[in-house]
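The structure appears below as structure tokens.
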Amino acid sequence: MDYDAIIIGSGPAGATAAMYLGQAGKKVLLVDKESFPRDKICGDAQGRKAANILRELGEEEGFRKLPGHNVYGITMSSPNGTLVSIDITSRDNPPPGYCHRREVFDEYLHNCAVKVVEFRNLMVADIIVENGFVRGIKDVEGNEFRAKIVLAADGANSMVARKFGLLHNPPEHFIVGTRQYYKGVTGMTDRIEIHLVKHLLPGYFWIFPLEDGTVNVGLGMIVKDMNEKKINLKAAMLKEIAENSLFVDRFKDAEPLEDVKGWNLPLASHHRKNHGNGFLLLGDAASLIDPLSGEGVGTAMISGKHAAKTALAAMESDDFSEQFLSVYDKNLWNEIGEEIEANYKLQKRGKRFPFLIDKLFGKAAKDENYRKKLEDRLPYTSGRQEMGSDEFIEELQGQ
Ligand SMILES: Cc1cc2nc3c(=O)[nH]c(=O)nc-3n(C[C@H](O)[C@H](O)[C@H](O)COP(=O)(O)OP(=O)(O)OC[C@H]3O[C@@H](n4cnc5c(N)ncnc54)[C@H](O)[C@@H]3O)c2cc1C
């Protein structure tokens with residue numbers, strides 16, 4: 001056998017798995033069809049999950065120094081346009097979140113990974129399967145590489161997930177998002193901005209701060225709603241910028257730095273099978289994006305950690321069967337399942353009862369104590385289980 005493990009994709013999921021396996025002394029081949037730095041269409045926000053994993057791997061300090069923007073809170077607007085700003089933590093504390101362009105963030109993760117594993121810049125064309133077990137990869141030129149286990153972190157259009165019939169998401173569990181970088185947007189702060197525009201719910205429009213006055217602007221919408229409302233996402237995003245009274249003045253002198261780009265977000269509200277004989281699926285390849293916030297980097301990195309730990313246990317037991325590898329799914333969902341479920345509930349409720357969001361924001365805008373109560377229950381923080389709970393929604397309905 002050439003390697004202990006082969007990892008396809010050096011995005012957040014694959015690079016994280018590579019760091020855990022490499023630091024454990026395993027012989028790992030990490031491959032990616034792109035060389036780094038490379039762009040990835042994203043909102044560019046990273047929350048506590050990413051920082052926690054990097055701390056565990058001893059790579060947090062470099063992450064905190066990357067060019068980007070510290071994030072201390074969230075400004076949100078409700079469907080009727082009520083604005084609320086919430087500071088998640090005091091500026092005296094380390095920031096709970098960051099915005100780093102993925103070109104920068106992913107290169108950092110990749111560089112950390114290649115300190116401890118071998119990397120090859122190649123495109124995987126196929127998977128080697130023998131006696132019902134995945135045994136390795138084949139590149140576009142027909143070269144073969146073999147390993148005890150293959151970790152597929154090859155993103156939302158995963159070739160490996162497709163090969164095993166595991167790629168499909170129903171349209172209500174799938175978001176399409178746009179991104180366009182701008183300069184010259186006024187009124188920026190050290191908070192990320194999430195705007196719940198009424199006719200696009202439960203999709204949202206975001207404005208995230210980056211370094212040197214650059215701003216990441218985007219719009220994400222569930223594919224089912226987009227199809228039903230016959231919305232052209234790119235046009236809808238540009239229309240918000242041009243017509244929504246919250247943004248018109250702020251974008252008056254702004255300059256787009258690129259065309260509007262788009263990409264897919266497979267949601268974790270559709271819990272997909274993520275393992276089989278000799279392989280595991282990680283990150284977007286396993287559909288792990290938060291259905292409320294669209295946060296996928298953190299869950300991708302958490303899946304990288306659990307995939308590496310499962311692979312280490314499989315090597316220890318010399319058992320790479322689907323049954324043995326099912327512990328990956330169990331451990332991963334023990335960590336992320338409760339939050340995903342709560343957020344899926346909130347996402348559905350927000351869509352059915354937009355007036356509840358108006359009510360929540362109206363109350364928060366007027367009442368400082370209530371605003372404080374919300375602080376640790378918002379996207380990119382912890383504590384959202386509580387916000388998706390029946391008690392919380394009932395309390396709000398009763399106000
Ligand atoms: C518009 C938009 C906005 C988003 N905003 C946010 C946000 O603000 N915060 C957040 O946390 N998440 C956000 N997400 C989600 C986030 O981008 C993903 O969840 C995250 O990138 C998943 O990481 P990954 O490692 O699984 O996959 P990826 O980052 O997609 O990495 C996959 C890697 O696999 C490689 N690859 C693919 N196929 C092959 C092949 N055949 N051979 C070799 N290599 C291959 C690719 O080149 C790539 O480097 C957003 C997504 C979109 C589309």
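- The hydrophobic clustering, which links ILVMFWY residues whose side-chain heavy atoms are closer than 4.5 Å, places L196 and M237 apart.
- Inter-residue side-chain proximity for L167 and S158 is flagged as met; some heavy-atom pair is nearer than 4.5 Å.
- Looking at D32 and H110, their side chains never come closer than 4.5 Å, going by heavy atoms from C-beta outward.
- Criterion: ILVMFWY side-chain heavy atoms under 4.5 Å apart, direct or through other members. Under it, V160 and V134 are part of a common hydrophobic cluster.
- The two residues S85 and T75 make their nearest non-hydrogen contact at OG-OG1, 2.9 Å.
- For the pair D284 (side chain) and A300 (backbone), a donor-acceptor distance under 3.5 Å is absent.
- Residues L288 and L332 meet the side-chain proximity criterion, which asks for heavy atoms closer than 4.5 Å.
- In this structure, the side chain of D44 engages the main chain of R102 through a donor-acceptor pair within 3.5 Å.
- The closest side-chain heavy-atom distance from I302 to I53 is below 4.5 Å.
- Taking both residues in full, the closest heavy atoms of C112 and M19 are given as CB-SD, 3.6 Å, listed atom of the first, atom of the second, then distance.
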Under the side chain to side chain contact (heavy atoms under 4.5 Å, CB included) rule, what do M188 and I207 come out as? Steps first, then yes or no, please. CA-CA 9 Å; M188 295 305 296; I207 309 177; 3.7 Å; yes
Quick one, E193 with R250, criterion side chain to side chain contact (heavy atoms under 4.5 Å, CB included). Give me CA distance, side-chain angles, the key distance, then yes/no. CA-CA 13 Å; E193 295 182 37; R250 296 180 60 195; 2.7 Å; yes
For the pair N80 and S78, evaluate side-chain hydrogen bond (donor to acceptor under 3.5 Å, both in side chains) and give the outcome as yes or no after the intermediate values. CA-CA 5 Å; N80 70 5; S78 76; 2.8 Å; yes
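- Counting heavy atoms from C-beta outward, I8 and I127 have side chains that approach closer than 4.5 Å.
- The number of heavy-atom neighbours closer than 6.0 Å to NZ of K229, taken from other residues, nucleotides and ligands shown, is above 12.
- Heavy-atom minimum distance, Q180 versus E258: NE2-O, 2.8 Å.
- Contact check on D139 versus R120 returns no salt bridge, with no Lys/Arg side-chain nitrogen under 4.0 Å from an Asp/Glu carboxylate oxygen.
- When atom types are taken as modelled, the side chain of D154 and the backbone of M159 share a donor-acceptor pair closer than 3.5 angstrom.
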Start with the C-alpha distance between Y98 and F105, add both sets of side-chain angles, then the distance that settles ring pair (Phe, Tyr, Trp, His ring centres under 6.0 Å), and finish with yes or no. CA-CA 10 Å; Y98 294 88; F105 177 68; 9.4 Å; no
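- In this pair, Y182 and F251 present their aromatic rings perpendicular. The plane angle is above 60°, beyond the 30 to 60° band.
- By the 4.5 Å heavy-atom criterion applied to side chains, V71 and P95 are not counted as neighbours.
- The pair K40-E34 does not count as a salt bridge, with every side-chain nitrogen at least 4.0 angstrom from each carboxylate oxygen.
- For the pairing with D106, the side-chain hydrogen bond (donor to acceptor under 3.5 Å, both in side chains) check across R38, H100, R101 returns one residue only, R38.
- Proximity of a side-chain donor or acceptor of S317 to a complementary backbone N or O of D319 within less than 3.5 Å is not detected.
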Mind running ring pair (Phe, Tyr, Trp, His ring centres under 6.0 Å) on H173 and Y344 for me, showing each step along the way? CA-CA 10 Å; H173 299 289; Y344 183 45; 5.5 Å; yes
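- The line from CG of L54 to CZ of R64 is 9.5 Å long, rounded to the nearest 0.5 Å.
- Within the 3.5 Å criterion, the main-chain N or O of V297 finds no donor-acceptor partner in the side chain of Q46.
- Heavy-atom minimum distance, A285 versus R272: O-NH2, 2.7 Å.
- Here L219 contributes atom CG and T178 contributes atom OG1; the two are 5.0 Å apart, rounded to the nearest 0.5 Å.
- The closest donor-acceptor contact from the side chain of D212 to the backbone of T214 lies at 3.5 Å or more, if one exists at all.
- A donor-acceptor contact closer than 3.5 angstrom links the side chains of N274 and D329.
- Looking at every heavy atom in both residues, V197 comes nearest to N244 through CG2-ND2, 4.2 Å.
- Between K309 and Y328 there is no side-chain heavy-atom pair separated by less than 4.5 Å.
- Within a 6.0 Å radius of CD in E341, other residues, nucleotides and ligands contribute 12 heavy atoms or fewer.
- Looking at N121, its side chain does come within 3.5 Å of a backbone N or O of K33 through a donor-acceptor pair.
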Before giving the answer on side chain to side chain contact (heavy atoms under 4.5 Å, CB included), spell out for T186 and D253 the whole-Å C-alpha distance, their side-chain angles and the decisive distance to 0.1 Å. CA-CA 8 Å; T186 55; D253 299 317; over 6 Å; no
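- Linking Ile, Leu, Val, Met, Phe, Trp and Tyr whenever their side-chain heavy atoms come within less than 4.5 Å puts I231 and F247 in one cluster.
- Within 6.0 Å of CD on E130 lie more than 12 heavy atoms contributed by other residues, nucleotides or ligands.
- In plain terms, the two heavy atoms of K273 and L281 that are nearest each other are O-CD1, 3.8 Å.
- Checking side-chain atoms of D87 against main-chain N and O of G73 turns up no donor-acceptor pair under 3.5 Å.
- How far CD1 of I336 is from NE2 of H271: 8.0 Å, rounded to the nearest 0.5 Å.
- For the atom pair CD (Q23) and CG (L57), the distance works out to 5.0 Å, reported to the nearest 0.5 Å.
- Atom CG of N232 has more than 12 heavy atoms from other residues, nucleotides or ligands within 6.0 Å.
- Side-chain heavy atoms closer than 4.5 Å link hydrophobic residues (I, L, V, M, F, W, Y) into clusters, and following such links, possibly through other members, connects M221 to V217.
- By the rule that hydrophobic residues join a cluster once side-chain heavy atoms approach within less than 4.5 Å of another member, L200 and M76 end up as members of separate clusters.
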Checking side chain to side chain contact (heavy atoms under 4.5 Å, CB included) for the pair V176/N264: CA distance, chi angles, key distance, verdict? CA-CA 5 Å; V176 174; N264 304 326; 4.1 Å; yes
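- For the pair R179 and D39, the salt-bridge criterion is met [side-chain N within less than 4.0 Å of a carboxylate O].
- S287 contributes a side-chain N or O that, together with a main-chain N or O of L267, makes up a donor-acceptor pair within less than 3.5 Å.
- Shown here are the ring-ring contact (aromatic ring centres under 6.0 Å, His included) partners of F133, two or more places apart in sequence or in another chain: there are none.
- R55 is listed as a side-chain neighbour of N52, based on a closest heavy-atom distance under 4.5 Å.
- Once rounded to the nearest 0.5 Å, the distance linking CD of E335 with OG1 of T299 reads 10.5 Å.
- A distance-only check finds a donor-acceptor pair linking the side chain of N277 to the backbone of G132 [under 3.5 Å].
- Taking the six-membered ring where the residue is Trp, F205 and H195 present tilted rings, their angle falling between 30° and 60°.
- The pair K148-D318 fails the salt-bridge criterion, with no side-chain N (NZ, NE, NH1 or NH2) lying under 4.0 Å from an Asp/Glu carboxylate O.
- Only one option out of V117, L21, I6, V116 pairs with L30 in a side chain to side chain contact (heavy atoms under 4.5 Å, CB included); it is V117.
- Y181 does not carry K183 over the face of its six-membered ring by the limits of under 6.0 Å from the centre and within 45° of the normal.
- With respect to K27 and E118, no salt bridge is recorded, no charged nitrogen being found less than 4.0 Å from a carboxylate O.
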